[in-house]
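Okay, so here's the structure we're looking at.
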Amino acid sequence: METTETAQSPSADDRSAFPRIISVDDHTVEPPGVWQDRLPARYQDAGPRIVRAPLKEMTFLGGKFAPVMGAPGDDGPVGDWWVYEDLHRPLTRLDTAVGYDRDEIRLEVITYEQMRPGSYDVPQRLADMDVNHVQSALCFPTFPRFCGQTFAEAADRELGLLSVRAYNDWMVEEWCGPKARGRLIPLTLVPLWDARLAADEVRRNAARGVRAVAFSEIPPHLGLPSVHTDDWDPFLAACDETGTVIAMHIGSSSRMPSTSADAPPAVGSTITFANCCFSMVDWLMSGKFERFPNLKVMYAEGQIGWIPYILERADVVWEENRAWGGVADKVHRPPSELFADHVYGCFFDDAFGLRNLDAIGVGNVLYETDYPHSDSTWPKSREVGEAQMGHLDADVVERIVRRNAIDLLGLTEDGLWAG
């Protein structure tokens, strides 16, 4: 059963007690017309579109999500499905779980009418942000998946590129448009299959004020080159030149951590940080931060408690083993120093990490709420933050909850996106 919350703007006393949150990891559920309203007529039948249909079967084991769409008239629960070329992907309760009791959240198909409107509607999203003491939010996609890999997997590259651009136009012009009043921060996609086209798209969006782009935590899992190659250099150069932050969300390699093919989702949910851990070591040992000194990367929903040991171990390996370890010629500074200058960890619920903040760095931590996913702290993100940050000085809390995001994403002093 969905619960209701009344949208109320925080009072001045509330704002002084705990800073208004800038969430660097929320999500949008794309409205049905995002692509149908923007793609050329010749692609209307192949481009992403919504179809209402029954569910035939659906499993989520070993980190693999496998839904099967039924035919009209078949038995089974009815949901709204994104259809794109041969892909059938349903909207699920896990896409938008806020407002529902945790014990009632199941892996099930849903329709737009069965989700909280703030998932896809801008004014309703702002109202839900007010309930949650959130001022501004950066939102990752749903149907394209966390770095747009849906379009990279498609057969028609021209349609894929047009779909990436259509999403970005919607993100900038509508989701983060006038109705958002600067409170929604754009995060755009790139065509992952071509680093030069990706660079072009970074520059196209940077010209209209975008400062963040989604990318895969482990590109080889998508059949793409690793960050140890030079293949991504055109894309990285564009990010370096424009001050565009590379945002990597857990699951952006289309492979959630798991231990076995039959492991229940709870196993993967416990170790979701693992891909971020592997990815960060890749970047620290790649030499890219020295070749592109303005590059910044962030790990959405990766949490932060694991970071101190990885930095300690990476420094030991760099100091003792860099000659035979293959990094002596490209990594000239301790990885922990590179981390301090280039990497940001993002969390929504990590008391252990906050108790070890000195080993991470106050300037390298960002706060998030994960709305509207099942892990979200909505509508209690402020209360969670107060409980976990109560031992920290007020200026440290201000940096974690707001200031670091303002500086990283080029927001106004008031924490808004100026476009």
Side-chain angles (χ1 to χ4, degrees), residues 21-27 134 136-141 145-148 171 184-190 202 205-206 210-219 227 232 235-236 238-240 242-253 272-284 286 288-289 292-308 310-311 335-336 338-350 353-354 357 360-371 373 375 399-411 415 417:
I21 297 165
I22 297 177
S23 174
V24 297
D25 172 29
D26 285 356
H27 300 265
V134 172
S136 306
L138 180 83
C139 296
F140 283 82
R145 310 218 299 284
F146 295 144
C147 67
M171 167 61 61
L184 295 173
I185 307 162
L187 173 70
T188 52
L189 306 176
V190 293
V202 167
N205 291 304
V210 176
R211 289 284 300 274
V213 62
F215 190 65
S216 174
E217 59 200 352
I218 308 178
V227 296
W232 292 109
F235 165 69
L236 300 182
C239 293
D240 180 81
T242 60
T244 299
V245 179
I246 296 176
M248 293 172 283
H249 195 284
I250 59 166
S252 57
S253 57
T272 51
F273 71 91
N275 281 351
C276 298
C277 173
F278 301 155
S279 174
M280 191 178 80
V281 176
D282 257 348
W283 281 91
L284 293 176
S286 70
K288 298 303 183 186
F289 292 139
F292 302 101
N294 298 315
L295 208 58
K296 308 285 187 183
V297 304
M298 55 170 271
Y299 288 99
E301 208 171 325
Q303 312 301 341
I304 59 174
W306 52 272
I307 291 175
I310 294 301
L311 294 180
S336 61
L338 295 173
F339 172 89
D341 290 343
H342 298 277
V343 184
Y344 294 79
C346 311
F347 77 100
F348 57 82
D349 186 3
D350 192 338
L354 288 168
L357 195 59
I360 302 168
V362 172
N364 297 86
V365 174
L366 305 168
Y367 199 43
E368 58 184 52
T369 78
D370 198 30
Y371 178 105
H373 284 182
D375 267 343
R399 290 190 68 180
I400 293 172
V401 174
R402 293 180 56 80
R403 184 76 246 174
N404 290 340
I406 289 173
D407 293 342
L408 180 65
L409 298 171
L411 306 179
W417 179 62

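Small disclaimer: the values here were computed from a predicted structure and weren't measured.
Between Gly302 and Cys276 the shortest heavy-atom distance is CA-SG, 3.6 Å. Leu411 and Gly415 get closest at one heavy-atom pair: CD1-O, 3.9 Å. In terms of heavy atoms, Pro141 sits closest to Leu189 at CG-CD2, 4.0 Å. The nearest pair of heavy atoms linking Thr244 to Ala206 is OG1-CB, 4.2 Å.
For Arg402, the side chain to side chain donor-acceptor pair (under 3.5 Å) test picks out Gln135, with sequence neighbours left out. In this structure, the side chain to side chain contact (heavy atoms under 4.5 Å, CB included) partners of Arg403, at least two apart in sequence or on a different chain, are Arg399, Ile406, Asp407, Glu413. Glu301 meets the side chain to side chain donor-acceptor pair (under 3.5 Å) test with His249; sequence neighbours excluded. Partners of Asp350 according to the side chain to side chain contact (heavy atoms under 4.5 Å, CB included) rule, which considers only residues two or more places apart in sequence or in another chain, are Gln303, Ile304, Phe347, Phe352. Applying the salt bridge (charged side-chain N to carboxylate O under 4.0 Å, His left out) test to Asp341 and every residue at least two apart in sequence or in another chain returns Arg333. The side chain to side chain contact (heavy atoms under 4.5 Å, CB included) check on Thr272 picks up Ile250, Met256, with sequence neighbours excluded.
Using cut-offs of 30° and 60° for the angle between ring planes, the Phe140 and His27 rings count as tilted.
Taken to the nearest 0.5 Å, the CG atom of Leu338 stands 8.5 Å off from the OG atom of Ser286. Here the CD1-OG1 distance, from Ile22 to Thr369, works out to 12.5 Å after rounding to the nearest 0.5 Å. Here the SG atom belonging to Cys346 is positioned 12.5 Å from the OH atom belonging to Tyr367, to the nearest 0.5 angstrom. Residue Trp232 holds its CH2 atom at 11.0 Å from NZ of Lys288, rounded to the nearest 0.5 Å. To the nearest 0.5 Å, atoms CG (Leu187) and CZ (Phe146) are separated by 11.5 Å. Atom CD1 of Ile246 is separated from atom CG of Leu295 by 4.5 Å, given to the nearest 0.5 angstrom.
Asp240 places a side-chain N or O within 3.5 Å of a backbone atom of Asn294 that can act as its donor or acceptor partner. At distances below 3.5 Å, at least one donor-acceptor pair connects side-chain atoms of Asn364 with backbone N or O atoms of Phe339. Judged by distance alone, the side chain of Ser253 and the main-chain N or O of Ser216 form no donor-acceptor pair under 3.5 Å. No donor-acceptor pair under 3.5 Å is formed between the side chain of Asp370 and the backbone N or O of Asp26.
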Derivation of the side chain to side chain donor-acceptor pair (under 3.5 Å) call for Ser279 and Tyr299: CA-CA 9 Å; Ser279 174; Tyr299 288 99; 2.9 Å; yes
Audit row: Leu357, Ile400, side-chain contact (heavy atoms from CB on, under 4.5 Å) steps and yes/no: CA-CA 10 Å; Leu357 195 59; Ile400 293 172; 3.6 Å; yes
Trace of the side-chain contact (heavy atoms from CB on, under 4.5 Å) decision for Val213 with Asn205: CA-CA 9 Å; Val213 62; Asn205 291 304; over 6 Å; no
Audit row: Leu311, Met280, side-chain contact (heavy atoms from CB on, under 4.5 Å) steps and yes/no: CA-CA 10 Å; Leu311 294 180; Met280 191 178 80; 4.0 Å; yes
Derivation of the side-chain contact (heavy atoms from CB on, under 4.5 Å) call for Cys147 and Met248: CA-CA 7 Å; Cys147 67; Met248 293 172 283; over 6 Å; no
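When the options Val343, Asp25, Leu138 are evaluated for a side chain to side chain contact (heavy atoms under 4.5 Å, CB included) with Met298, the one that passes is Leu138.
Between Ser136 and Trp417, the closest side-chain pair of non-hydrogen atoms is not below 4.5 Å. Here the side chains of Val245 and Tyr344 are not in contact, with every heavy-atom distance at 4.5 Å or above. The side-chain heavy atoms of Asp375 and Asp349, taken from C-beta on, include no pair separated by under 4.5 Å. Counting only heavy atoms from C-beta outward, the side chains of Val297 and Phe215 never approach each other to under 4.5 Å. The closest side-chain heavy-atom distance from Pro308 to Ile360 is below 4.5 Å.
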